[in-house]
Amino acid sequence: MQVEWQVAKTYEDILYYKAGGIAKIVINRPHKRNAFRPKTIVELYDAFCDVREDPKIGVVLLTGAGPHTDGKYAFCSGGDQSVRGKAGYLDETGVPRLNVLDLQRLIRSLPKVVIALVAGYAIGGGHVLHLICDLTIAAENAVFGQTGPKVGSFDGGFGASYLARIVGQKKAREIWFLCRQYSAAEALEMGLVNCVVPLEQLETEGVTWANEVLQKSPIAIRCLKAAFNADCDGQAGLQELAGNATLLYYMTEEGAEGKQAFLEKRPPDFQQYPWLP
Ligand SMILES: CC(C)(COP(=O)(O)OP(=O)(O)OC[C@H]1O[C@@H](n2cnc3c(N)ncnc32)[C@H](O)[C@@H]1OP(=O)(O)O)[C@@H](O)C(=O)NCCC(=O)NCCSC(=O)CCC(=O)c1ccccc1C(=O)O
C-alpha cells in the first residue's frame, strides 16, 4: 500500500508526516542509532501534541529513520549518552533533563492509537518508548533490550512495572538484571510485540493496521485505551477513564440540561430523565 505522506511540520531531530487519518513520526538521528537528546524529546512532544489536537488523525506510527550509512537500523537507542550530565541529559542551555518521562505520559494518555514500527535496535530508553506504545510491529531484524544497569541508569516507572505487566515478573527482571539483547522472534514469544514482518513490509503492515483501527469507533477506541491504562496507572489512569465518562455525559441531553438551566437562571429539570436499572 503506497502512502502519499505530506510533511506536517519541519524539525531538526524528527520527521513528521500525515496522510489520511494517519500520522507518522520518525526519530531522525541514525548516526546515533536514533538516540534522543532533550531537543529530540521536545520535538516529539510537540508533534504528539499536534496529533492530539488534530481531529482527523486517529493513529500514529512511531518509528526510527534508517538505515544508517553502515547499513544498520534502529528504532531508538535511548538517551544520548554523549549529552548526559550529572543530573540528566543536558539541553542546549545546559539544563539537565529527563524529559522523556513527559513524552511517555503523553503517548500513554493520547486518546488515539500509537503503533511502534521497530526496525533494528529498540534499546534502553528506546525500548521503553516502544513498550508504552499501544501496539508494536517488529521487523525481522529488530533487537530489543534494556541497558540501564550497564550504563548507570534505570527506568523504575513504566520501564519496570509496565514491562512486568506485559512479559511477567520473571522475564522483566531477567531483561533488566542481565541486559541481554532479544530477537524479534523472542520478543513475539514473550508478548512484547504484536507481530513480526519482513523489514521491507514494516511500514505497509503499520499502515494496514492503522487503517483497520480507523474503521472503528473513535470514542470506543479512546475509552478502551483509557480502560487499559486505568488498570495500571492508579489515580492518573482513573482520571483518564473518568474524563471520558464526563465527555460522554456532556454529550447527553441530560448533561446539557444542567448547563442550560444555569445559563437560563432556572432550576434544572432532571425529572424528564430516567433512573435506568
Ligand atoms: C544500540 C547499540 C546496541 C548498537 O550497537 P552497534 O550497532 O554496535 O552500534 P554502535 O557502534 O554502538 O553505535 C553507532 C554509533 O551510535 C552511537 N550511539 C549509539 N547509541 C547511543 C546512545 N544511546 N547515546 C549516544 N550515542 C549512541 C555510538 O556511540 C556510535 O557512534 P560513533 O560516533 O560511530 O562511535 C549500541 O549502540 C548501544 O548499546 N547503545 C547504547 C544504548 C544505551 O545504553 N542507551 C542508553 C540507556 S539509558 C536511557 O536510555 C535513559 C532513558 C531515560 O531518559 C530515563 C528514563 C526514565 C528514568 C531515567 C532515565 C535516565 O535518563 O536514566
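Whatever order the structure lists them in is the order used to number ligands and atoms, beginning at 1. Treat the numbers as computed from the prediction; the structure is a model and nothing was measured.
For E257 and R266, the salt-bridge test passes: some basic side-chain N is under 4.0 Å from an acidic carboxylate O. Taking a cutoff of 4.0 Å between a charged side-chain nitrogen and a carboxylate oxygen, K39 and D13 do not qualify as a salt bridge. Taking 4.0 Å as the cut-off between side-chain N and carboxylate O, K24 and E203 count as a salt-bridged pair.
When distances from atom 45 (N) of ligand 1 to the protein are checked, a heavy atom turns up under 4.0 Å. Distance remark: protein heavy atom present below 4.0 angstrom from atom 25 (C) of ligand 1. For atom 50 (O) of ligand 1, the nearest protein heavy atom lies under 4.0 Å away. Within the 4.0 Å cut-off (strictly below), no protein heavy atom is located near atom 32 (P) of ligand 1. The protein reaches atom 56 (C) of ligand 1 closely, with a heavy atom under 4.0 angstrom from it. Using a 4.0 Å threshold on non-hydrogen atoms, atom 12 (O) of ligand 1 does not count as touching the protein.
Counted within 6.0 Å of CD on Q235, heavy atoms from surrounding residues, nucleotides or ligands total 12 or fewer; the atom is thus considered open. For E189, the CD atom counts as loosely surrounded, since its 6.0 Å shell holds 12 or fewer non-hydrogen atoms of other residues, nucleotides or ligands. No more than 12 heavy-atom neighbours from other residues, nucleotides or ligands sit within 6.0 angstrom of CD on Q239. Atom OH of Y249 sits in a crowded spot, with more than 12 heavy atoms from other residues, nucleotides or ligands closer than 6.0 Å. For CD of E4, the number of neighbouring non-hydrogen atoms (other residues, nucleotides, ligands) closer than 6.0 Å is 12 at most. For Y250, the OH atom is loosely surrounded, since the number of other residues' heavy atoms within 6.0 Å does not exceed 12.
Below 4.0 Å from some heavy atom of I123 lie the following atoms of ligand 1, by number and element: 42 (C). Against a heavy-atom cut-off of under 4.0 Å, G78 is close to the following atoms of ligand 1: 50 (O). Of all the atoms in ligand 1, the ones that sit under 4.0 Å from a non-hydrogen atom of L98 are 60 (C), 61 (C), 62 (O). Proximity to K72 (heavy-atom distance under 4.0 Å) selects the following atoms of ligand 1: 6 (P), 7 (O), 8 (O). The contact set between ligand 1 and Y121, taken as ligand atoms under 4.0 Å from a residue heavy atom, comprises 1 (C), 3 (C), 4 (C), 7 (O).
With a 4.0 Å cut-off on non-hydrogen atoms, F154 touches ligand 1 through its backbone and not its side chain. Residue contacts with ligand 1, taken as heavy atom pairs separated by less than 4.0 Å, involve L101 solely via side-chain atoms from C-beta onward.
Hydrophobic clustering (ILVMFWY, side-chain heavy atoms < 4.5 Å, transitive): L106 and V42 are in distinct clusters.
Residue Q181 has no N or O atom closer than 3.5 Å to an N or O atom of ligand 1. For ligand 1, the polar-atom distance check finds no N/O of V151 at less than 3.5 Å from any of the ligand's N/O atoms. Ligand 1 has a nitrogen or oxygen under 3.5 angstrom from a nitrogen or oxygen of Q81. In terms of polar-atom proximity, defined here as any N/O pair under 3.5 Å, S153 does make such a contact with ligand 1.
Among protein heavy atoms, atom 54 (O) of ligand 1 sits closest to V100 CG1, 3.3 Å. Considering only non-hydrogen protein atoms, atom 43 (C) of ligand 1 sits nearest to T147 OG1, 3.2 Å. Among all non-hydrogen protein atoms, the one lying nearest atom 22 (C) of ligand 1 is A35 CB, 3.5 Å. The single protein non-hydrogen atom nearest to atom 52 (C) of ligand 1 is G125 CA, 3.9 Å, given as residue, atom name and distance. Considering only non-hydrogen protein atoms, atom 37 (O) of ligand 1 sits nearest to R33 CG, 4.3 Å. Ranking protein heavy atoms by distance to atom 17 (C) of ligand 1, first place goes to K32 CA, 3.9 Å.
Counting heavy atoms from C-beta on, the side chains of K225 and V114 come closer than 4.5 Å. A 4.5 Å side-chain heavy-atom check between R37 and R29 finds at least one atom pair inside the cut-off.
The shell of residues lying under 4.0 angstrom from ligand 1, judged by heavy atoms, includes H31.
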Using residues 116-128 as the side-chain source, report each donor-acceptor pair under 3.5 Å to any protein atom, sequence neighbours left out, with the distance given to one decimal.
unit_1 : atom_1 : unit_2 : atom_2 : d
H127   : ND1    : Q146   : OE1    : 2.6
H127   : NE2    : H130   : NE2    : 3.4

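Between the side chains of Y162 and Q104, no donor-acceptor pair of N or O atoms lies under 3.5 Å.
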Show, in sequence, the C-alpha distance, side-chain angles and deciding distance for Y16 and D50, and conclude whether the side chain to side chain donor-acceptor pair (under 3.5 Å) test is met.
CA-CA 10 Å; Y16 179 32; D50 181 78; 2.5 Å; yes
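Taking only non-hydrogen atoms, the option from A74, S77, G71 nearest to atom 40 (N) of ligand 1 is S77.
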